[in-house]
Structure formats: C-alpha cells, structure tokens
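Report on one structure; see the data block that follows.
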Amino acid sequence: QLQLVESGGGLVQPGGSLRLSCAASGFILDSYAIGWFRQAPGKEREGVSCISSYGGTTNYADSVKGRFTISRDNAKNTVYLQMNSLKPEDTAVYYCAAGPVATMRSMGYDYWGQGTQVTVSS
C-alpha cells in the first residue's frame with residue numbers, strides 16, 4: 001500500500017523552529033517530486049514548497065522564502081521541511097504529496113499524507 005506519513009508538527013512559539021518529515025512506505029520516493037502544502041481553518045490549501053525527484057530543483061511560496069527549507073534524503077525515503085522564524089500565520093495543517101513533477105499546484109500530485117498540525121502561538 002502506497003502511503004505518505006507526515007510527522008514533526010506541534011505547538012511552537014513565534015520565532016521558533018520545527019522540522020517536518022514526510023516518510024514514504026510501499027514505494028520508492030526518489031522517483032517522485034514532493035510538495036508541501038498547508039491549509040489553515042477557513043482557507044484554501046496552498047503550496048508551501050516543492051522539490052524535484054533528485055533534489056535539483058526547489059521552489060517556495062513567497063510567504064516562506066528565506067524561512068523554510070525543503071530537502072530530501074532518498075536513502076531514508078524521506079523529505080523534510082525545515083521551518084524557522086515561524087509566525088502565527090504559519091499555523092495550519094501541513095501535508096506532503098508525491099507526484100511526477102515538482103509544482104506548487106495541488107492537482108499535480110497523486111499521493112497525499114494525512115497531515116500534521118503546526119500551531120504557532122505564544
């Protein structure tokens with residue numbers, strides 16, 4: 001069974017950091033591009049970052065540039081999202097997704113994780 005599992009979410013104070021992980025099971029991740037998306041209550045899902053299958057290409061939403069870093073460790077079948085200088089507006093459920101091409105559009109992905117909650121609050 002093909003599955004993506006996110007972890008690493010939690011409650012953090014403004015200015016703090018979290019590292020999200022997206023682990024794959026049932027398939028080899030290195031042939032897939034990975035996207036990170038988030039959805040806050042009452043808002044549409046938005047693309048946060050994406051990385052090509054072998055990590056040569058990355059992209060970020062303007063709202064997270066300079067604060068978030070996407071990376072992948074294909075040997076561990078895992079993709080990471082390092083989030084620094086977190087702001088309250090980063091609060092959302094974060095999802096990872098796998099697909100053929102790195103894109104910030106959710107329709108470009110075939111497999112999705114269940115999401116992990118990130119809450120930035122003092």
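Excluded from the calculations below are hydrogen atoms, water molecules and symmetry mates; all remaining heavy atoms, backbone and side chain alike, are included.
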- [ ] Hey, could you give me the OG1/CG distance between Thr69 and Leu81, rounded to the nearest 0.5 Å?
- [x]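 Thr69 atom OG1 to Leu81 atom CG measures 8.0 Å (nearest 0.5 Å).
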Show which residues join [X] in its hydrophobic cluster (side-chain heavy-atom contacts under 4.5 Å, direct or indirect), or state none.
{"X": "Tyr80", "result": "none"}
{"X": "Leu11", "result": "none"}
{"X": "Tyr109", "result": "Phe37, Val93, Tyr95, Trp112"}

TODO: Mind jotting down which residue pairs meet the salt bridge (Lys or Arg N to Asp or Glu O under 4.0 Å) criterion with at least one end in residues 14-24? Sequence neighbours excluded, please.
DONE: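 Of all non-adjacent pairs touching residues 14-24, none passes salt bridge (Lys or Arg N to Asp or Glu O under 4.0 Å).
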- [ ] Mind checking salt bridge (charged side-chain N to carboxylate O under 4.0 Å, His left out) for Arg105 and listing every partner two or more places apart, or none if nothing turns up?
- [x]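 Scan of Arg105 (salt bridge (charged side-chain N to carboxylate O under 4.0 Å, His left out), adjacent residues dropped) gives none.
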- [ ] Give a yes or no on whether the backbone of Ser122 and the side-chain of Gln13 come within a donor-acceptor separation of less than 3.5 Å.
- [x] no
- [ ] Spell out, as yes or no, whether a donor-acceptor pair under 3.5 Å connects the side chain of Glu6 to the backbone of Cys96.
- [x]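 Flag set: sc Glu6 to bb Cys96 pair under 3.5 Å.
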Side chain to side chain contact (heavy atoms under 4.5 Å, CB included) against [X], all qualifying residues, sequence neighbours excluded:
{"X": "Val120", "value": "Val12, Pro14, Leu86, Pro88, Asp90, Thr91, Val118"}
{"X": "Lys65", "value": "Tyr60, Asp62"}
{"X": "Ala23", "value": "Thr78"}
{"X": "Phe27", "value": "Leu2, Leu4, Ala24, Leu29, Tyr32, Ala98"}

TODO: Would you mind telling me which of Leu18, Val48, Val64 makes a side chain to side chain contact (heavy atoms under 4.5 Å, CB included) with Met83?
DONE: Leu18
Open item on the list: Taking side chain to side chain donor-acceptor pair (under 3.5 Å) as the definition, give me every residue that meets it alongside Gln117, ordered by chain and number, with sequence neighbours left out.
Closed with: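 For Gln117 the side chain to side chain donor-acceptor pair (under 3.5 Å) partners, ignoring immediate neighbours, are Thr119.
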- [ ] Please name all residues satisfying side chain to side chain donor-acceptor pair (under 3.5 Å) with Asp110, sequence neighbours left out, ordered by chain then number.
- [x]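 So Asp110 forms no side chain to side chain donor-acceptor pair (under 3.5 Å) with any residue.
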Open item on the list: Membership question, hydrophobic clusters at under 4.5 Å side-chain separation (ILVMFWY): are Leu20 and Met104 in the same one?
Closed with: no
Task: Least distance between heavy atoms, Pro100 atom then Gly108 atom - done: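 Between these two residues, the closest heavy atoms are CD-O, 3.6 Å.
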- [ ] Write down the atom of Ser17, the atom of Asn84, and the distance for their closest heavy-atom approach.
- [x]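 Smallest interatomic distance, heavy atoms only, reads OG-OD1, 2.9 Å.
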TODO: Quick one: which residue pairs count as a side chain to side chain donor-acceptor pair (under 3.5 Å) with a foot in residues 41-54, not counting sequence neighbours?
DONE: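 The answer is Arg38-Glu46.
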